[in-house]
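Input: a single structure, listed below in structure tokens.
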Amino acid sequence: MSDLKIVEETKTYNEQFNTQKCCVIIPTYNNNATIATVINSVLQYTANIIVINDGCTDNTAEILNEFSGTQIRHYQKNKGKGYALRYGFKEALKLGYEYAITIDSDGQHMASDLPNFLNALKENPKAIIIGARNMDQENVPGKSSFGNKFSNFWIKLETGFDMPDTQSGYRLYPIKHIEKINFCTNKFEFEVEVLTRSAWRNINLVSIPIEVYYAAKEERISHFRPFKDFTRISILNTYLVTMTFLIHLPKRVLKKLKKKSL
């Protein structure tokens with residue numbers, strides 16, 4: 001592809017992001033080997049980028065200083081992915097955005113899928129759009145496959161939505177529509193909580209296929225701590241399931257009965 005064509009396509013995609021009031025949020029914690037590549041790949045589609053430095057202790061801050069045209073937010077202490085996302089949503093709203101696509105900084109997500117999210121947004125202006133990975137491909141970590149099935153089961157029970165990949169961090173959030181929802185988690189479990197609480201507020205959950213790259217095991221960097229984070233997610237799901245059976249499941253049943261009677 002010629003340089004001129006790349007420039008023209010970047011301009012077109014950037015206009016689409018501006019028209020749809022959408023930005024890309026990149027939370028990062030100690031991914032200094034991949035963060036620059038991720039930002040540069042997103043810049044091929046939009047300049048509407050907010051990077052959240054979640055208390056990195058490596059040289060990420062120095063790398064981010066090279067991206068002077070990008071919105072960079074730093075804080076000193078690592079507070080977790082959920083906190084970084086929530087902080088990013090608030091910053092995006094301040095900048096006038098109504099939608100935000102979140103992409104991980106470890107290089108597993110492809111920026112080439114960004115236009116697919118924008119296209120899905122046109123059809124689903126009030127939905128969380130989740131990029132569904134192919135969990136049967138080579139190099140998928142065993143804990144990711146198990147964790148995904150575990151999460152899918154609970155999300156279906158709590159919301160009624162049967163989703164193929166509720167653990168994917170590549171998502172489009174209608175941040176204007178979820179602005180008033182009270183969230184209580186700050187770690188990885190936030191990505192479960194936001195789906196359930198949003199669905200309870202009649203925000204749809206939509207899935208689109210995405211490509212994903214998993215590095216070889218010896219090259220892979222993950223900040224997910226299986227015992228601690230699964231425990232946190234389990235505690236959260238216990239609470240959410242309790243609320244489902246006490247309040248939200250009866251509401252869903254009544255809603256279906258009303259539809260049948262019409």
Side-chain angles (χ1 to χ4, degrees), residues 27 79-86 89 100-104 106 108-109 117 120 124 126-137 140-175 177-178 180-210 212 214 222-257:
K79 297 184 178 182
K81 187 178 183 182
Y83 182 92
L85 291 174
R86 292 169 62 183
F89 295 163
I101 299 173
T102 60
I103 186 170
D104 290 348
D106 59 3
Q108 70 168 265
H109 298 146
F117 281 95
N124 306 277
K126 189 184 176 183
I128 295 178
I129 301 167
I130 307 168
R133 302 162 291 178
N134 177 6
M135 300 304 290
D136 296 323
Q137 72 179 59
V140 175
K143 64 183 180 182
S144 293
S145 181
F146 167 78
N148 193 45
K149 292 175 183 176
F150 178 84
S151 179
N152 294 348
F153 170 81
W154 291 110
I155 291 295
K156 183 177 180 180
L157 181 63
E158 292 157 6
T159 69
F161 286 98
D162 190 2
M163 308 299 292
D165 187 3
T166 55
Q167 281 207 317
S168 172
Y170 204 175
R171 303 176 176 182
L172 184 148
Y173 290 96
I175 54 176
H177 294 294
I178 66 173
K180 303 299 182 182
I181 300 176
N182 292 321
F183 300 108
C184 61
T185 56
N186 289 323
K187 306 293 184 182
F188 284 104
E189 68 271 22
F190 170 74
E191 290 181 309
V192 173
E193 183 188 21
V194 67
L195 296 184
T196 299
R197 291 193 185 277
S198 297
W200 288 350
R201 295 290 190 95
N202 297 316
I203 292 172
N204 285 335
L205 306 183
V206 175
S207 177
I208 62 170
I210 60 167
V212 65
Y214 281 110
S222 174
H223 303 295
F224 187 87
R225 301 161 299 176
F227 179 76
K228 285 188 176 180
D229 289 312
F230 272 130
T231 299
R232 289 177 183 274
I233 291 170
S234 296
I235 292 171
L236 173 66
N237 277 318
T238 299
Y239 168 75
L240 294 176
V241 166
T242 301
M243 295 299 291
T244 296
F245 281 104
L246 289 177
I247 300 172
H248 299 285
L249 185 57
K251 282 184 177 180
R252 293 210 308 261
V253 171
L254 286 173
K255 189 176 180 180
K256 286 182 179 179
L257 290 174

Heavy-atom closest contact ([X] atom, [Y] atom, distance):
{"X": "Asn152", "Y": "Pro164", "value": "ND2-O, 3.0 Å"}
{"X": "Ile128", "Y": "Ser198", "value": "CD1-OG, 3.5 Å"}
{"X": "Lys187", "Y": "Gly80", "value": "CD-CA, 4.0 Å"}
{"X": "Gln167", "Y": "Asn148", "value": "OE1-N, 3.3 Å"}
{"X": "Ala132", "Y": "Ser207", "value": "CB-OG, 3.3 Å"}
{"X": "Cys184", "Y": "Arg197", "value": "SG-NH2, 4.0 Å"}

Side chains of [X] and [Y]: closer than 4.5 Å at any heavy-atom pair?
{"X": "Ile203", "Y": "Tyr173", "result": "no"}
{"X": "Ile233", "Y": "Ser151", "result": "no"}
{"X": "Lys156", "Y": "Thr166", "result": "no"}
{"X": "Asn204", "Y": "Lys126", "result": "no"}
{"X": "Leu205", "Y": "Leu195", "result": "yes"}
{"X": "Arg171", "Y": "Val194", "result": "yes"}
{"X": "Phe188", "Y": "Arg232", "result": "no"}
{"X": "Glu193", "Y": "Leu236", "result": "yes"}

Value rounded to 0.5 Å, distance of [atom1] in [X] from [atom2] in [Y]:
{"X": "Thr159", "Y": "Leu249", "atom1": "OG1", "atom2": "CG", "value": "11.0 Å"}
{"X": "Ile130", "Y": "Met163", "atom1": "CD1", "atom2": "CE", "value": "4.0 Å"}
{"X": "Asp165", "Y": "Ile155", "atom1": "CG", "atom2": "CD1", "value": "11.5 Å"}
{"X": "Thr102", "Y": "Ile175", "atom1": "OG1", "atom2": "CD1", "value": "11.0 Å"}

**Prompt:** Side chain of Ser168, backbone of Gly131: donor and acceptor closer than 3.5 Å?
**Reply:** yes

**Request:** Assess whether side-chain contact (heavy atoms from CB on, under 4.5 Å) is satisfied between Glu189 and Ile235, documenting all intermediate values.
**Result:** CA-CA 10 Å; Glu189 68 271 22; Ile235 292 171; over 6 Å; no

**Asked** Residues in side chain to side chain contact (heavy atoms under 4.5 Å, CB included) with Asn186, at least two apart?
**Response**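 Asn186 satisfies side chain to side chain contact (heavy atoms under 4.5 Å, CB included) with Tyr83, Arg86 only.
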
**Request:** Assess whether side-chain contact (heavy atoms from CB on, under 4.5 Å) is satisfied between Phe89 and Ile178, documenting all intermediate values.
**Result:** CA-CA 10 Å; Phe89 295 163; Ile178 66 173; 4.1 Å; yes

**Request:** Could you walk me through whether Trp154 and Val192 pass the side-chain contact (heavy atoms from CB on, under 4.5 Å) test, one step at a time?
**Result:** CA-CA 9 Å; Trp154 291 110; Val192 173; over 6 Å; no

**Request:** Could you list all the side-chain hydrogen bond (donor to acceptor under 3.5 Å, both in side chains) pairs where at least one residue sits in residues 237-254, not counting sequence neighbours?
**Result:** none

**Request:** Report the relative orientation of the aromatic rings in Phe117 and Tyr170; use parallel for angles under 30°, tilted for 30 to 60°, perpendicular for over 60°.
**Result:**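 Aromatic pair Phe117/Tyr170 classed tilted.
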
